[in-house]
2 protein chains.
Amino acid sequence: METILNRVCKGRPREFCVDEALAAALRVFWKRGYESASMAELTEAMGITKPSLYAAFGNKEALFRKALDLYEREKLGFMQTALAAPTAREVAERVLRGALEMQTNSGNPKGCLGVISSLACGPEAESIRSEVIARRASSERLIVERFERAQQGGELPDTIDPKGLTRFLIAILQGLVVQAGGGASSEELRKLVDTSLELWPTRAK
Amino acid sequence: METILNRVCKGRPREFCVDEALAAALRVFWKRGYESASMAELTEAMGITKPSLYAAFGNKEALFRKALDLYEREKLGFMQTALAAPTAREVAERVLRGALEMQTNSGNPKGCLGVISSLACGPEAESIRSEVIARRASSERLIVERFERAQQGGELPDTIDPKGLTRFLIAILQGLVVQAGGGASSEELRKLVDTSLELWPTRAK
DNA sequence: TAGTTTCCATAACGCTCGGTATATAAGAGG
DNA sequence: CCTCTTATATACCGAGCGTTATGGAAACTA
């Protein structure tokens, strides 16, 4: 019985780096969205041919899921660390500043892979869409819990609903990336973040 | 010399209502976005065949522009009337409540035709994308001017930047429609609007 | 009714899509 | 060196895309 563990490496080794190819694929999906990213554009950006892509990643949908994993791990890491901030306001500040930095960092495509992939899809991309939406829901739950704790700790006015505040914060994020995708300048996006933080609720309110 | 004015109606009249067909096309574009809306789905929803569509509307892009006109005229009318509200806060309230009502009105597709068409497009839809973005910019200008007047009238704190506040309001709208497209319930969307309005700046702040 | 104009339906066009079969090249193990 | 396994390159597949040519039916004017 041969398990995958004691299998040795035989045959011709592949000539490209899987991680680099995946990073290139991520950039294409990020710019185009799942459906508009064609296999031709993907393979060209990845520097490999279609059979190599299918051998290494399975198919377009599997490639997208791996790119989405990479995106959440490398590009949305600031969301995780932001949740560890000591106050709800600092959570919001780190989330918004982190998103702003990512959107204005030249080198990154504009917009958000999650938002772009949760909208505007034909019937065959429905499973992709629902997965992206499910992942967003799980991050959302973490923020709601964080804000509920903040409210119990007296950080937030009693009149504020933690679920509503979470949706509010996420809406700002979504508006930020939509506007970035629409060509808004760095300064315009910074104004959006500054104004949002200026309106963020305080205990004194 | 025969002008278009004194030309009479000859030949077989068309069997469908152009306005109804355009309304049906709008619903398809609204649900799918420009690129994912196929001619097959469009013609089926409109109840006509492809040659009829091309004869009446030109091509897919021209059909989309006419649908976009209809969308702005019939579905975004509340934005125009909202701008006439007496105070900046009422402007924001009417805009947000109007958008909420539109998103929760069953019968309308979820999401926003403008947002869905300004993202996630391949190279061939670039002209559509830029047109949608340009239309958004012109509405934005109206809101900025309205908020500048409000600030001069003392309605808004001096610390608030009207441009930033405009982008903030639009971001909430965009987040609202993204979340609606992601399947958020009417109550969740209402909480988002309530929270946003609760945080809206007042003179006293 | 004759003539003309326009509409409708079918089918096809050229193209791109995601995905693959086939054949050749290349490295690892014996 | 030979064999075996795997990667690569080319070409191709069926299906769907937006768009259009064609033929016949329908309804207007005269």
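Chain letters run A, B, ... following the sequence lines, proteins first and then strands; every chain starts at 1. Owing to the predicted nature of the structure, the values given are computational and were not obtained by experimental measurement.
- Rounded to whole angstrom, the span from the CD atom of E15(A) across to the P atom of dG27(C) amounts to 7 Å.
- Defined by atom type and a distance below 3.5 Å, a donor-acceptor pair is missing between the side-chain atoms of E140(B) and T166(B).
- In this structure, CG of L42(A) is placed 10 Å from P of dC17(C), rounded to the nearest angstrom.
- Contact annotation: S38(A) side-chain N/O to dC17(C) OP1/OP2 distance is under 4.0 Å.
- Counting to the nearest Å, the P atom of dC17(C) and the CD atom of E124(A) are 13 Å from each other.
- dG18(D) atom P lies 12 Å from atom CZ of R32(B), rounded to whole Å.
- Listed candidates were dG18(D), dG27(C), dG18(C). Nearest to the side chain of Y54(A) is dG18(C).
- Within 6.0 Å of CD on E90(A) lie more than 12 heavy atoms contributed by other residues, nucleotides or ligands.
- E44(A) has its CD atom 14 Å from the P atom of dT16(C), to the nearest Å.
- Minimum atom distance to the side chain of R14(A) is reached by dT8(D), of the listed dC8(C), dG19(C), dT8(D).
- For K50(B) and dT19(D), the shortest distance from a side-chain N or O to OP1 or OP2 is not below 4.0 Å.
- Rounding to the nearest 0.5 Å gives a distance of 7.5 Å between OG of S138(B) and CD of E72(B).
- Across all strands, P51(A) comes closer than 4.0 Å to base atoms (heavy-atom distances).
- Across all strands, A37(B) comes closer than 4.0 Å only to sugar-phosphate atoms, never to a base (heavy-atom distances).
- Put simply, CG on N59(B) is 9 Å from C1' on dT19(D), counting in whole angstrom units.
- Among dT19(D), dC8(C), dT8(D), the nucleotide with an atom closest to any side-chain atom of T49(B) is dC8(C).
- Protein atom CZ of F16(A) is 17 Å distant from nucleotide atom P of dA26(C), rounded to whole Å.
- If you check dG18(C), dC17(D), dT8(D) against the side chain of R12(A), the one that comes closest is dT8(D).
- Just one of D194(B), L100(B), L96(B) meets the side chain to side chain contact (heavy atoms under 4.5 Å, CB included) condition when paired with L189(B); it is L100(B).
- Atoms CE (M39(A)) and P (dT20(C)) sit 10 Å apart, rounded to a whole Å.
- Dashed line: the shortest gap from a side-chain N or O of S52(A) to OP1 or OP2 of dT8(D) is under 4.0 Å.
- Separation of the F168(B) and W200(A) ring centroids does not fall under the 6.0 Å cut-off.
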